[in-house]
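What follows is a single structure, written as structure tokens, with notes after it.
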Amino acid sequence: MSFMPVLLWTDLLLFALIGACLVYARHAARHAHLAAPWLRVRASPTGMAAATVLLAFLGIGVLDSLHFRAALEAKPGSAAPPRYAVEVRSVLDLLAEAVLGRMAGKSEKTYSAPLATHGYARENVEKKLADGRVVQVREHPRLVAGGAHLADPARDRAADVALHAGRGVALGFVIWLALALALLAAAAARRGGGLGDAWRAAWQGAGATPWRAILLTLLVLCVAGGLIATLGSRYHLLGTDKVGQDVLYQALKSVRTALVIGTLTTLVMLPLGVLLGIAAGYFGGWIDDLIQYLYTTLNSIPGVLLIAAAVLMMQVTIDANPDWFSTAAERADFRLLALCFILGMMSWTGLCRLMRGETLKLRELEYVQAARAFGVSRLAIIVRHILPNVMHLVIISAVMDFSGMVLTEAVLSYVGVGVDPSMSSFGSMINAARLEMSREPMVWWSLAAAFVFMLSLVLAANLFADTVRDAFDPRLSSAGRRRGRAAGEAA
Amino acid sequence: MTAYLIRRLAYAILILIGVNLITFWLFFKVNTPDDIARLQLGAKRVTPDAIAKWKAERGYDKPLVYNAAAQGMARFTDTIYFEKSVAMFMLDFGRADDGRDIWYEIRSRAGPSLAVQVPVFVVGLGLNISLALLLALFRATRFDFATQVFLVAMMSISSLFFIIAGQYVFSKLWHLVPISGYGGGPDAIRFLALPVAIGVFASLGGATRLYRTIFIEEMGRDYVRTARAKGMSELAVLFRHVLKNGMIPILTGVVVVIPGLFIGSLVTESFFGIPGLGSYTIEAIQAQDFGVVRSMVFIGSVLYIIGLIATDISYTLVDPRVRLES
Amino acid sequence: MTQVLEVRDLDTRIDAGAHIVRPLDGVTLDIAAGETFAIVGESGCGKSMTALSIMRLLPESAWIERGAVRQDGRELLALPEYEMREVRGRRIGMIFQEPATSLNPVMTCGAQIIEVLERHRIAAGAAARARALDWLRRVGIPDPEARLDDYPFQLSGGMKQRVMIALALCSEPQLLIADEPTTALDVTIQAQILDLLAELQRANGMAILLITHDLGVVARMAHRVALMYAGEIIEIGTRESFFDRPLHPYAARLFAALPGRAHRGTPLVTIGGMVPALTGPFAGCRFAGRCDVALPHCSEEPPPWHPGPRGAAVHRARCHLLAGGAQAPVPAPVRAPAVPERAPATDPLLEVSGLKVHFPIRRGLFRRVVGHVRAVDGVSFSIGAGRTLALVGESGCGKTTVGKGLLQLIAPSAGAIRFAGRDLAGASRRAVRAARASMQIIFQDPFASLNPRMRVGDIIAEGMASFGLGGDAAGRDARAAALLAQVGLEPAARMRYPHEFSGGQRQRIAIARALAVDPRLIVCDEPTSALDVSVQAQILNLLAELQRSRGVAMLFITHNLAVVEHLADDIAVMYLGRIVESGRADEVLARPRHPYTQALLAAVPRIDAAPAAPADRRLLADPPSPAHPPAGCHFRARCPHARAQCATDYPAAVQVSPSHRVHCILAA
């Protein structure tokens, strides 16, 4: 099958950001003083467990960022250039289709509960009775895809679910075992030891890397993956939503939206905050006055309101210029990018103030004075002496802001100024679920799915951010050592 | 001191002018009134006449900043900028799309917003500070560690979930309080109990952790060692010395949000159907009523700037170093 | 004599994460009623830890492993915490190094004293207030009624330390622990505080445990002295015996490392190596690795206590060399150069006249300039090529600002700077840039003066690259290696980062950085005041050696008169932005004419002189603010010899000799 790769703006920027992180990692690995705080991060079990979860989410997001348009069936023998489908799809879609099979995408008519075989709402169904008459019956209809392989759901479902859940756990365990052995073998090869020693050391908690925490986290992730592969291809593991779309699939698609908002926002925020903050702190005078005025003014406008106003205006622009975009995906992507841009424009002020204060301090330090005594230019002083000494704060605030942005997206989508309605996001999942609160019995699964996915993403991000902050700024460390030994006992 | 305050006031006006220019640029320059009219009228009825009528009804048919057709001062006053933006300084916000006077709406909706926000603020601040003190006292113990894990988890949950879960459990399941709505008099408590409780609960997390850091940092200072060397007990050290010093950054940090309590919370109010300014704003955003959004942006900035000035004043009240030196 | 405090075999441990540190290892000492017992030692030797262990105020990561602390016969380490709190502040008072941070900033001074009185049920209410007032008076605070309701930030450093003393003594404890009580203070203030402590001790009969790094302070105050090294007391003796003839080689070398008049023109004795890590038990003597007279078994057997010539009760030390009543050899004098090769007074390299640095004070609605802080207010001096001018003065006198103004790190407000015959003030940027290569600066804080994110080689090469010296990158690298060798570091150090070096090594790197651009003048801004005595000796020797070999002139900015006596050719004494006395070092030191210079010299605690008479009470007054210098002579408010005439005119310069000049009417 031929295809045409599609590079959306957010894909490009996301890959550029990942590339930049890799370049930085290579650079840091070669410089002991840059690597030292990251080694402290590596030594933290919580931090590494959180990083494992984040990497899993990042993997989903990256797969979902490899976009393409499939080629349409060309007429046999025609020499015309191949035509491509209007729909933009991603590698994750392909993968989901391969693993989830018929469950992926919109396969039912409307709501159905997790692992259900029948729809949530009663419908008028024509039923052929034994005597051949056709009557209208109001009942829960059989699902088109979910549990369709069962002959008699009432009898077989429980056993079938248990069987496939067992298989899923087993599958997950096998994958995990392979992964764990591969990882430990790689680590052992680098250190030059045997695999058996590495395995023992990992479980005894010895060594510089907390392998036990990483492997346990990985085990949970693998089992979840195994369940998705076995159960998720036969049932709607997390149910379906109002238009019959698989909630699990929707949640997976939402991961990329959250990641893009959490990371690309920093692309706008960091340069603005760092450059303006350092300029204000280092040059002082009217430059300082102007930048302070700028951020006080922006700060004074209530954040959500300004974002809402900006998004509304952006929406008008998008509507007024339909010819800018060749596909719906491009339009939704533009809106996502603009949302990141707007969020970034609103959130650089805090970082800017931090940078300004830190630069004011650094500017008076003696090594900066020494550089000035050497006649080093101001730009060189900023690049060589100021910037490297504020980088740790930049890294801390970048990781700390990630989770805040993901949470903000949910609120914005609720307010109605979030991502494009055609794009999956946790915010729109919550928003859609909220409308069904009053239904009896409650439609809880969309909400639960959004909750579980968001909590694991944001909690992992917060725990990782805490570890990073402690590692880069030990003064703020939240886990102080305390020896509670009373002096009297010792005497 | 007086000179300082006058300077701050002048700066505040300068900032309001900046806010005014930003909103004007956002609402009238990024998209022309024609674009907005087209959007609001929908695709079907978009004829040039309809657009002109729509603009005339709202006073958007004038030039943006300079009216060449007018005479004298009217060249500047008979413009969209003057009528829509400058007028806000005189609290003239015009009418909403439904024809109601925006300023009247704002005044009448501030009450319900305050009724939710003030208790949330006061109880939340008290709870956060008490918990932070407790954590500082038992720092680096199991209690501290467990509470911190709990707080990180709290920080990781979107406030939307708290509201939905609260409504489900307390209103739908246990029928303790109405699910939403608002009433005056003694009835108000029934309506307010849940939103306030959820607001307080959701405020735990980040603030407590920040205050805990502040208190623990204070506990490492030299004067605390002096107090211990005097023979003061750990509790006396905490309450007589650490609390007082730690409250300076905490209080001055929260003063700035106090005036903003008027605006209310967008999400809480719309979930609980409280007729405050938050739900007013959210309705305006969803109905794309730009006049109301613009007015709320302006009001929000004014309140923030009042908060900034109040912060300056509060510094002089709580910190003798500031009070006695300027 | 009754013992107020007995400490036996005290072991303290700190959990430093990667390993357990042993800051105290078997500390044993006795303090008798009414005596001043000094613990002296270099940083990190465990002297402050001893104090905190006695008070049971250790940081949270530290604990007492074993030992006994008996106060008045009571075992403190066995007391429950609530009973220990009755001891703290009641039986044992404590004062700390930093008066600026040791008082609660948001409580009035009176309230902080009253808190002690009420806590220990000594007095309450009006009685407590009266008592607090009485104590403020006793510690010599002028206008105590008003000060009672002042906040600490409204008082000067010396006054704050007096409040701390009042706070510690108002409950009349039997023992006062003073942890570096004067280290953060100027030398004249230090003298007052030490006098005050001695006076209060005479009046109250309390014992003092004085903890200090300053041997001069010990010589002035102590009855008995304990010398600590690497967590252990290695020598204890009476003051007379200790300073007369120290027993331990370490003590002897510390004395020889002290700069001062005695070693003028000759290198100081230095102690090689570094204090060993305190992470494990020691097999032998802790000092063995650095001792130049160590015996083979020194690093294998821990040395027992050996008595001095007058018996163990008077003086004893832990050293194998003292076995059998022998005496440890005194350090050999360092090879002295045949003739002190001081550069002769030649044409001045640098001439400064009327230098002013004023900072505007802005007030009011439009931030109008309502006055100026006259940090430097008309300073004139000159430095000959290859000579050293010491600029001396107490904190806030503007001496550092002079240095920064010279290098144009702060723009001077007025005045002329001629360097090598060329005018700098008001010169073009290019001319200033060219002059910068010839003038370099070394700072006080070795931790803040090197960028932690740059390799040492890049730090040294930065100036060369900026001025286009040293050819290409490879050439600069080779030169950096040579410079490192010259300041006594491995050339391989250029691939490492600053945090891998000790304070003294960092200061060497800073010197190499300054030398990299071949300056003809180096401004040394308190280059040794953050260093221990033994390290200070190394740096002073290095600077003297470099000056001899390279002919660099130095402007040595310092508050430390001992250092000045050691190395200065010329001296200028600054007070409140102006030079009050200047001349050749021998003239100013031997025959100071300005009362301020006299007061400064008298206030320096020395190990080789009898304790000085208490300083004149008038010196008590705080120095005036440089924003509002008084009319007439700036010093008159503190001057014991002030006359009516002093209040009207600033005294004109009086030329005592062709090189010696004083701004004082007494000298006329």
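A note on names: the letters A, B, ... follow the listed sequences, proteins ahead of strands, and every chain is numbered from 1.
Between C:Q408 and A:R372, the closest side-chain pair of non-hydrogen atoms is not below 4.5 Å.
Note on A:L34, A:V376, A:V368, A:L362: by heavy-atom pairs under 4.5 Å with chain C, the leading option is A:V376. Between chain C and the options A:G375, A:S377, A:A380, the largest number of non-hydrogen pairs under 4.5 Å is found for A:G375. Options C:A516, C:A465, C:A448, C:A510 differ in how many heavy-atom pairs under 4.5 Å they form with chain A, and the most are formed by C:A448. Heavy-atom pairs under 4.5 Å with chain A peak, among C:M464, C:M454, C:E500, C:R13, at C:M454.
For A:A373 against C:L409, the heavy-atom pair with the smallest separation is N-CD2, 3.8 Å. Of all the heavy atoms in A:Y367 and C:P452, the pair that sits closest is CE2-CD, 3.7 Å. Minimum interatomic distance between A:F374 and C:F467 (heavy atoms only, all atoms of both residues): O-CZ, 3.0 Å.
For a residue to count as touching a neighbouring chain, one of its non-hydrogen atoms must lie under 4.5 Å from one of that chain's; by this rule C:A437 does not touch chain A.
Residue-environment remark: CZ (A:R353) stays at or below the threshold of 12 foreign heavy atoms within 6.0 Å. Applying the 6.0 Å contact sphere to CZ of C:R520 captures no more than 12 heavy atoms from other residues, nucleotides or ligands.
Within the structure, salt bridge (Lys or Arg N to Asp or Glu O under 4.0 Å) pairs that include any residue of residues 437-465 of chain C comprise A:R384-C:E462 (at least two apart or interchain).
Here the straight-line distance linking atom CG of C:L450 with atom CG of A:L365 works out to 11.5 Å at 0.5 Å rounding.
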